[in-house]
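Taking it in order: structure first as structure tokens, then the write-up.
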Amino acid sequence: MDVLLQQVLNGLILGSLYAMVALGYTMVYGILELINFAHGEIVMLGAMVAVTVLAVLAALGVPVPLALLSALAAAVAVCVSTGVLVERVAYRPLRNAPRLAPLITAIGVSIVLQNLAMIVWGRQYLSFPPVLDIQIYEVAGATVTNVQILIVAVAAVTMGGLLVLVRRTRLGRAMRATAQNREVAGLMGVDVNRVIAATFAVGSALAAVAGLLIAAYYGIAHYNMGFILGLKAFSAAVLGGIGNIPGALLGGLLLGVIESLGAGYIGDLTGGFLGSHYQDIFAFFILILVLVFRPSGLLGERVPDRA
Amino acid sequence: MRSKLLIAAMLASATMGVGAVETIKVGVVAPLTGPQAHLGKDIENGARLAVDAINATNPSLGGKPVQFSLQAEDDQADPKTATVVAQKLVDEGAKGVVGHLNSGASIPASRIYSDNGIPQVSPASTAVAYTHQGFKTTFRLMANDSQQGKALGQYAVKLGKRVAVVDDRTAYGQGLIDEVVKAVKAAGGEVVGREYTTDKSTDFTAIMTSIKAKKPDVVVFGGMDPQAAPMVRQMRTLGMKTHFMGGDGMQSAEFLKLAGNSAEGAIGSSPGLPLEKMPGGADFTKRFGEKFGKVQIYAPFSHDAAVVLIQAMLRAGSAEPAQYLPELGKTQVDGVIGPIAFDDKGDLKDGPVTLYQVKDGKWQAVETIGGPPAK
């Protein structure tokens, strides 16, 4: 077995998940300069809704592909409406307030969503119904499963779709214009409120997809799963350059691989002095290094196509 | 004037009504939020069942009728929060405490209870250190990790000589695995790898990949079910067919639910007898089921912890900790979990450890090690 290859693969899969969540942070930051700390909770909502719907449909004997698609559709519907509602209720009234106010509101929204989920689903872990028949493939001495391949494929397709949306469509152009200068975009006839709501909707839809994939991969969903995930994804967005879409992708993948290699080798490298539970040291050490030498992140220049 | 008199009379009768039946507060502490909330709730419900049953018998202390009230507090499985809620219970006049779940919470909290003379009976904390701090107020109803780790280590070596261990760096996980390592070495096995995680992680692919490279026969995990379940799933997706073992933190119904098919063959130890082999097990399952549903792990233990505390009060004829503490040490009770008596440290005498294996999606007892001689 090739340990290094396996660790890199592990990292890439983890990284694809981080990247999908990081996109949500980066899109909102790009357009509003707001760190939407509630985004991790939107991912959690997506996972919880998907698992619940899937469990019901699987019990009713609905065919697996149809059940999966319905679960995804339900998760997207709930996440998008929550995301847009949060923007309307919690962020829009504070759009011209000092920058600290929306940040604190975002933390508040995150706590509210987490507690709502605890009330709705209880404190237990939900388990992902065993509808996916896990196949294990051997590739050059490492193992991958069909679920892992699915994760990478779905992540690649959705992120590709996002880039096309931002760069090639009318809505994308409106997003880029709003990101560059909100007032001027408004004067040019862009409906800024609608564009911002659309940004939240797209980010939340990505979060729903990520939530379903995460629940399928780890087999569990829980009301406070969004917190650490959100923190990691936010770090990934900062690493890649917050506000920059390819940056979120790069940051997510890098963070995943660094974490995986860190956990795999830190014990041997330090002669057992630091164990594998210090994996985050690696990730955050590299984050600090990047921020010292490139304060705006790896790709984080104020490029015109940030959205 | 007349109405004032009336009010005064009503007030007087109201206070007399309260004075007639004194309420004695007993604390129960466990993580009621966070990843282990289901286990914490299990503890709270077990104690509640005991308190309700005792209250229904119209108990009296020194000839005066009393009622016991349970005050549940959430320590979030966090050592700092544990000390905060311990102080809160002391300040609010709790006369005894059932708790905490995690050794990492029980140990710092035990100092506060000890300083205030409040007896503490833990239904779940198994770290050796808990009762070995020299406090007179610490008791527990579970075999400790030294007994449990020994059982796990010996059984692991029976399955294969090459053993890899993982712990979640909590007082419980680390303490258990330290004992497993000792027992494995003593039984002639070899510890080929030791990896670490946290009690909040869900991704273990990296550490499992390192462990896989060391080709162990058995992997032993010290930690709780929210980690154990994804860990065994990820082991299987990495193509590892190694035996997977763990302590009481993963020997739960939740583990079966979360790990799904991957749970098959996993081995978990649990201090105490299997629920169905406990002398009061069948009756307890029924009574608990009517009110709260399925027993996770700890409910019979927290039930007995509350019973032991309250019975010591009743025997001493007083709820004052200084009065009933000596009685608590002398406990001789046939509880739900079996005969209960404490040694001079406050540990359960002859605490048995049972090993279970998942067969056809259910935990089935394979072997009980230690325990009082069968009657």
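The sequence lines fix the lettering, A, B, ..., with proteins before strands; numbering per chain opens at 1. This one's a predicted model, so the numbers in the text were calculated from it and none came from an experiment.
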Original post:
Among Asp203(B), Thr197(B), Asp168(B), which has the most heavy-atom pairs under 4.5 Å with chain A?
Top reply: Asp203(B)

Original post:
In terms of ring plane angle, is the pair Phe244(B) and Phe255(B) parallel, tilted or perpendicular, where the classes change at 30° and 60°?
Top reply: parallel

**OP:** Go through the atoms of Thr33(B) and report whether side chain, backbone, both or neither lie under 4.5 Å from a heavy atom of chain A.
**Re:** both

Original post:
Quick one: what part of Ser260(A) sits under 4.5 Å from any heavy atom of chain B, side chain, backbone, both or neither?
Top reply: both

Original post:
Under a 4.5 Å heavy-atom cut-off, does chain A meet the side chain of Gln36(B), its backbone, both or neither?
Top reply: neither

**OP:** Name the member of Thr202(B), Leu39(B), Asp167(B) that forms the most heavy-atom pairs with chain A at distances under 4.5 Å.
**Re:** Thr202(B)

Original post:
More than 12 foreign heavy atoms under 6.0 Å from NZ of Lys294(B): is that the case here?
Top reply: no

Subject >> Nearest heavy atoms of Ala237(A) and Thr26(A), plus distance in Å >> reply: CB-OG1, 4.0 Å

**OP:** Pick one of side chain, backbone, both or neither for Arg236(B), based on which atoms fall under 4.5 Å of a heavy atom in chain A.
**Re:** backbone

Original post:
Considering only heavy atoms, which portion of Leu32(B) lies under 4.5 Å from any heavy atom of chain A: side chain, backbone, both, or neither?
Top reply: both

Original post:
Is there any residue in residues 123-131 of chain A with a non-hydrogen atom under 4.5 Å from a non-hydrogen atom of chain B, and which ones are they?
Top reply: Arg123(A), Gln124(A), Tyr125(A), Leu126(A), Ser127(A), Phe128(A)

Original post:
Once the angle between the rings of Phe288(B) and Phe292(B) is folded into 0 to 90°, is it parallel (under 30°), tilted (30 to 60°) or perpendicular (over 60°)?
Top reply: tilted

**OP:** Please report the closest heavy-atom contact between Phe301(B) and Pro123(B), naming both atoms and the distance.
**Re:** CB-O, 3.3 Å

Original post:
Between Ala215(A) and Ala47(A), what is the shortest heavy-atom contact and its length?
Top reply: CB-CB, 4.2 Å

**OP:** Using a cut-off of 6.0 Å, state whether more than 12 heavy atoms not belonging to Lys291(B) lie near its atom NZ.
**Re:** yes

Original post:
Do Ser110(A) and Glu41(A) get their side chains close enough for a donor-acceptor pair, meaning under 3.5 Å?
Top reply: yes

**OP:** Given side chain to side chain contact (heavy atoms under 4.5 Å, CB included), test Val120(A) with Met48(A) step by step and report yes or no.
**Re:** CA-CA 10 Å; Val120(A) 173; Met48(A) 301 296 267; over 6 Å; no

Subject >> Heavy-atom closest contact (Val21(A) atom, Ala233(A) atom, distance) >> reply: CG1-CB, 3.4 Å

Subject >> Top of Leu9(A), Thr143(A), Ile134(A) for chain B proximity - count of heavy-atom pairs under 4.5 angstrom >> reply: Thr143(A)

**OP:** Would you mind checking which part of Glu195(B) comes under 4.5 Å of any heavy atom in chain A, side chain (CB onward), backbone (N, CA, C, O), both or neither?
**Re:** both

Subject >> Name of the residue among Leu152(B), Val128(B), Thr126(B), Val220(B) meeting side-chain contact (heavy atoms from CB on, under 4.5 Å) with Leu176(B) >> reply: Leu152(B)

**OP:** Below 4.5 Å from any heavy atom of chain B, which atoms of Tyr265(A) appear? Answer side chain, backbone, both or neither.
**Re:** neither

